[in-house]
*Asks:* 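There's a structure below that I have some questions on.
Nothing here was measured: the structure is a model prediction, and the numbers come from that model.
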Amino acid sequence: MLSVDMENKENGSVGVKNSMENGRPPDPADWAVIDVVNYFRTAGFEEQASAFQEQEIDGKSLLLMTRNDVLTGLQLKLGPALKIYEYHVKPLQTKHLKNNSS
């Protein structure tokens with residue numbers, strides 16, 4: 001059974017936070033910035049995760065990112081940036097679109 005906690009966001013909106021095994025809501029669109037950061041830390045990108053924090057990339061922003069955004073906007077080294085986009089951002093976007101299309 002999932003427990004649901006309400007939290008006040010910095011921008012004044014109220015978000016729903018599901019207590020999950022991995023600590024993140026299942027839909028990346030519902031991730032806060034810290035969820036995105038923790039996702040990339042867990043995936044082995046400890047150093048690069050801080051760029052998502054600095055740029056305030058939450059789940060909705062992550063799902064809107066283009067390849068160019070990841071390669072140049074986050075000011076990451078090219079190798080890790082390519083892996084982050086191809087093996088993480090792009091699959092999360094694809095999965096989100098697939099789960100939310102009728």
Side-chain angles (χ1 to χ4, degrees):
M1 184 164 181
L2 298 176
S3 65
V4 178
D5 296 319
M6 297 300 281
E7 66 173 9
N8 288 322
K9 303 276 184 184
E10 283 181 31
N11 63 6
S13 66
V14 176
V16 176
K17 200 174 190 180
N18 294 322
S19 297
M20 306 295 292
E21 216 173 280
N22 62 10
R24 289 185 301 273
D27 185 353
D30 297 328
W31 292 359
V33 173
I34 194 65
D35 295 322
V36 173
V37 171
N38 288 336
Y39 172 83
F40 286 107
R41 283 185 179 147
T42 303
F45 294 99
E46 180 71 34
E47 186 179 323
Q48 293 78 15
S50 62
F52 290 89
Q53 177 82 44
E54 291 165 12
Q55 295 298 321
E56 300 178 4
I57 304 295
D58 62 6
K60 286 183 177 76
S61 299
L62 183 70
L63 293 173
L64 292 171
M65 292 185 84
T66 64
R67 183 176 184 269
N68 191 52
D69 291 333
V70 177
L71 296 182
T72 61
L74 296 175
Q75 300 174 341
L76 301 174
K77 290 183 179 176
L78 183 58
L82 286 167
K83 291 174 189 168
I84 285 170
Y85 182 76
E86 289 297 323
Y87 300 129
H88 296 281
V89 175
K90 194 168 151 184
L92 285 170
Q93 291 170 334
T94 303
K95 183 179 176 185
H96 177 76
L97 287 173
K98 186 176 178 184
N99 290 343
N100 290 294
S101 63
S102 298

*Asks:* State whether the side chain of D35 and the backbone N or O of A32 hold a donor-acceptor pair below 3.5 Å, judged by distance alone.
*Replies:* yes

*Asks:* Got a second to check how far W31's CH2 is from L92's CG, nearest 0.5 Å?
*Replies:* 5.0 Å

*Asks:* So which pairs with a foot in residues 47-57 pass side chain to side chain donor-acceptor pair (under 3.5 Å), sequence neighbours left out?
*Replies:* none

*Asks:* From L62 CG over to F40 CZ, what is the distance, rounded to the nearest 0.5 angstrom?
*Replies:* 5.0 Å

*Asks:* Could you grab the distance from atom CD1 of I34 to atom CG of D58, nearest 0.5 Å is fine?
*Replies:* 12.5 Å

*Asks:* Working to the nearest 0.5 Å, report the span between NZ of K90 and CZ of R67.
*Replies:* 8.5 Å

*Asks:* If you count every heavy atom of other residues, nucleotides or ligands that lies below 6.0 Å from Q75 atom CD, does the total exceed 12?
*Replies:* no

*Asks:* Just how far is it from atom CG of L82 to atom OH of Y87, taken to the nearest 0.5 Å?
*Replies:* 9.0 Å

*Asks:* Could you go through I84 and L76, starting from their C-alpha distance and side-chain angles, then the distance that decides it, and tell me whether this counts as side-chain contact (heavy atoms from CB on, under 4.5 Å)?
*Replies:* CA-CA 10 Å; I84 285 170; L76 301 174; 3.9 Å; yes

*Asks:* Between L74 and D69, is there a side-chain heavy-atom distance shorter than 4.5 Å?
*Replies:* no

*Asks:* When rounded to the nearest 0.5 angstrom, what is the spacing between OH in Y39 and NE2 in H88?
*Replies:* 5.0 Å

*Asks:* Looking only at heavy atoms, what is the nearest atom pair of V70 and M65, with distance?
*Replies:* CG2-CE, 3.8 Å

*Asks:* Same cluster for L63 and L71 if Ile/Leu/Val/Met/Phe/Trp/Tyr side chains link at under 4.5 Å?
*Replies:* no

